[in-house]
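Notes follow once the structure below has been shown.
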Protein chains: 2
Amino acid sequence: MASVEFSKILAFFKALSDESRLKIVGALASNERSVEELATLLELRAPTVSHHLAKLKEVGLVEMRSEGTTHIYHLVMSEMRALTKRVLTLDSIETFTEDVVPDAWERKILGDFFEGQRLKEIPASRKKREVVLRWLVERFQFDKRYTEKEVSAIIAKHHPDFATLRRELICAKLLARESGVYWRP
Amino acid sequence: MASVEFSKILAFFKALSDESRLKIVGALASNERSVEELATLLELRAPTVSHHLAKLKEVGLVEMRSEGTTHIYHLVMSEMRALTKRVLTLDSIETFTEDVVPDAWERKILGDFFEGQRLKEIPASRKKREVVLRWLVERFQFDKRYTEKEVSAIIAKHHPDFATLRRELICAKLLARESGVYWRP
DNA sequence: TTGTAATTTTGATATACATCTAATTAGATG
DNA sequence: CATCTAATTAGATGTATATCAAAATTACAA
């Protein structure tokens, strides 16, 4: 489920993603104005302007005051500032996908390339290969030292080409090696 | 004709006014990602994601790097910041309507209520009445003093109810009065 | 060169929505 | 109360566009 933050920001962008509404905001920036006045300025019919103002009001960007039968709208700059500021921070942007399972991609790759414990094929693309390598390196303990034979044996349980995979693990810095001894850094 | 500033900002809002694109931006906020990866994360087909990325690239919010046949996209935060900052300043917001004749409204009111030099009727709504009064006060010179008779005579050339209009001019502070003498402040 | 995987382009479809006219509501005026 | 004006709501229509499947493209590998 999308966060309230997300829908608020999405609504904000939707509100300002229309030429007429953006012009209305521009017109209100210098002055409060009635519906009829805005309609004349933008060369639109009153119902159209009314419809746009309703959308802007929904997200809190404008407010209305009655004077007789005429409704006078004005911009709420504080809301404008509050919303744009939120978009500026990386932290809040990341929440845009918080309803998404963050490792869906990795799990899909593992599902595609493994048949149980057995690696069907070494992925050609770097990004996919890295996912497989990160899974492989989990078969090793952190505080233990391995001989080359041991490393090869562990890898061989998942794929016959242990030499290539061993090299790739080193290359990706997932395993470290010095004078024939391997460990997990 | 709309300013380049205006269309740039409109394009920016259009780019971010879609749920999927906003989520893409969110996903790219923490990491660069391939098309396939984004498609898995958002549960969309690759062509759809490709289409969205093209739109984001058009406004400079993302950039792309090739790695083999996979295209890896990343967010351009500087562009994000530059665009949101521009929206924050009142000055630039006002330019959203710079292609609009600023006094279109006033001219329409004057056209509606005047028959040549003759005021057909005194507008009931305050906003419209003020437009008419501002036109009327232009019939008076700045550095001259008028008797009440003179004021009434000038107004009467445009409308019979000079008393009401004279009072309204004072009330709107467009004319000043002291001990029977009138002038334009 | 032939094949394969990732992406993009094309074409089709369905939905969202901006705009208009006509009808309705709400205040103000005579 | 009847009327007028400004605004909103309802209903209709056309355009924009998000999405997908299928075809075309691109870059790499065998």
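Lettering follows sequence order; numbering is per chain, from 1.
Residue A:E168 is tested with A:R126, A:K173, A:R129 for a salt bridge (charged side-chain N to carboxylate O under 4.0 Å, His left out); the sole match is A:R129. When each of B:V62, B:V49, B:L75 is tested with B:I24 by the rule side-chain contact (heavy atoms from CB on, under 4.5 Å), just one qualifies, namely B:V49. Shown are A:K128, A:R134, A:K127; of these, the side-chain hydrogen bond (donor to acceptor under 3.5 Å, both in side chains) with A:E130 is made only by A:R134.
The partner of C:dG11, taking Watson-Crick or G-U wobble pairs whose two distances both stay under 3.5 Å, is D:dC20.
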*Apply the test side chain to side chain contact (heavy atoms under 4.5 Å, CB included) to residues A:L165 and A:L133: give CA-CA distance (whole Å), side-chain angles for both, the deciding distance (0.1 Å), then the verdict.*
CA-CA 8 Å; A:L165 287 169; A:L133 292 173; 4.2 Å; yes

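To the nearest 0.5 Å, atoms CG (B:L42) and OG1 (B:T48) are separated by 10.0 Å.
First and last contacts of DNA chain C with chain A, using any nucleotide atom under 4.0 Å from a protein heavy atom and ordered 5' to 3', fall at C:dA6 to C:dA28.
Counting non-hydrogen atoms under 4.0 angstrom, B:S34 reaches the backbone sugars and phosphates but no base.
For A:R139, the CZ atom sits in a packed shell: over 12 heavy atoms of surrounding residues, nucleotides or ligands are nearer than 6.0 Å.
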*What string of B, S and - do you get for nucleotides 14-27 of chain D, 5' to 3', when a contact is any protein heavy atom under 4.0 Å?*
----SBBBB----B

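A residue-by-residue look at A:V49 and B:E121 shows that B:E121 has its nearest nucleotide of DNA chain D further toward the 5' end.
Listed for the B:Y146 side chain is a donor-acceptor partner under 3.5 Å among the backbone atoms of B:Q141.
In this structure, A:V35 and A:S50 approach most closely via the heavy-atom pair CG1-N, 4.4 Å.
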